[in-house]
Amino acid sequence: MDVNRQKEEFSHAYVRAVASAAGFAVARPEVDDDSVDLILAAAGGGGTFRSPRIELQLKCTAGGNGSAEDLSFPLKIKNYEDLRAPNVLVPRLLVLVCVPEKPEDWLSQTQEQLVLRRCGYWLSLRGAPETDNVAAVTVRLPRAQVFSIDALRALMARVAEGAAL
């Protein structure tokens, strides 16, 4: 399998592991026309809105470019435009999963633990500025915005209350 395909599959596995541990369902659209790779959903709920959902565009990198505060990632212009749209019903996020350079270092396993190496970060581009770029836009994902169980639960709670992400 091509390494880019491996990265794509690993990013799906990472998000599915976090969502499962957080208690949310995961669906994969049959067609990805709107830069949506996965849909996360909560069942029921006691917020303003029942059964909140979040749509995700997933990316994976072994580069880890950026600073101590954030990661920079060149996002294709189509994905940028789809994710920055202010008039979508279901909030959309970019999730960037960072992995080591060699695929054999991405995961380790014993009878006691399964370790996925490195980390995923989330970013909302809703309402981001227009750009004259034609190929890609470099986005910056704050390292504080780790795509974790607690972060996902907090994001879903915000969606259930009708708050912007």
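Quick note: residue numbers are just sequence positions, from 1. Since we're looking at a predicted model, the values are computed, not measured.
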When clusters are formed by joining ILVMFWY residues with side-chain heavy atoms under 4.5 Å apart, either directly or through shared neighbours, do [X] and [Y] land in the same one?
X    : Y    : answer
L141 : V146 : yes
I39  : V159 : no
F147 : L125 : no
L165 : L123 : no
F24  : F49  : no

Criterion side chain to side chain contact (heavy atoms under 4.5 Å, CB included) on L155 and L93, from CA distance to verdict: CA-CA 10 Å; L155 289 164; L93 298 176; 3.8 Å; yes
Side-chain heavy atoms of [X] within contact of [Y], under 4.5 Å:
X    : Y    : answer
S35  : K78  : yes
T138 : F73  : no
Y80  : V139 : yes
T131 : E81  : yes
L75  : L94  : yes
L56  : V15  : yes
L96  : L58  : no
V95  : V97  : yes

Smallest separation among heavy atoms of [X] and [Y], with atom names:
X   : Y    : answer
I77 : V134 : CG2-O, 3.3 Å
P29 : A27  : CD-O, 3.8 Å
V90 : E55  : CG1-CG, 3.5 Å
G44 : P52  : O-CD, 3.9 Å
C98 : R118 : O-CB, 2.6 Å

Treating [X] as the side-chain partner and [Y] as the backbone partner, does any N or O pair qualify as donor plus acceptor under 3.5 Å?
X    : Y    : value
D34  : V36  : no
R50  : A42  : no
Q145 : W122 : yes
Y14  : G120 : yes
R117 : P100 : no
S20  : A17  : no
R158 : A164 : yes

If I take atom [atom1] from residue [X] and atom [atom2] from residue [Y], how far apart are they, to the nearest 0.5 angstrom?
X    : Y    : atom1 : atom2 : result
L38  : L40  : CG    : CG    : 6.5 Å
R92  : L83  : CZ    : CG    : 7.0 Å
S108 : L114 : OG    : CG    : 7.5 Å
R84  : R126 : CZ    : CZ    : 12.0 Å
R153 : I149 : CZ    : CD1   : 6.0 Å

Pair L107, V115 - check side chain to side chain contact (heavy atoms under 4.5 Å, CB included), show working. CA-CA 6 Å; L107 178 148; V115 177; over 6 Å; no
Check ion pair D37-K59 (N to O, under 4.0 angstrom):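 Salt bridge absent between D37 and K59.
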Go through it in stages, so that I can follow the logic: the residues are R5 and E9, the test is side chain to side chain contact (heavy atoms under 4.5 Å, CB included), and I'd like the CA-CA distance, side-chain angles, deciding distance and then a yes or no. CA-CA 6 Å; R5 179 62 187 214; E9 293 299 324; 3.0 Å; yes
Taking atom CD of E130 as the centre, report whether more than 12 heavy atoms of other residues, nucleotides or ligands fall under 6.0 Å from it.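 No.
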Just wondering, are more than 12 heavy atoms of other shown residues or ligands nearer than 6.0 Å to CZ in R16?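 Count over threshold, so yes.
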Looking at the rings of F10 and W106, which for Trp means the six-membered one, are their centres under 6.0 Å apart?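 Yes - the distance between ring centres of F10 and W106 falls below the 6.0 Å cut-off.
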Can S67 and E69 be counted as having a side-chain donor-acceptor contact under 3.5 angstrom?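 Distance-only check passes for S67 and E69.
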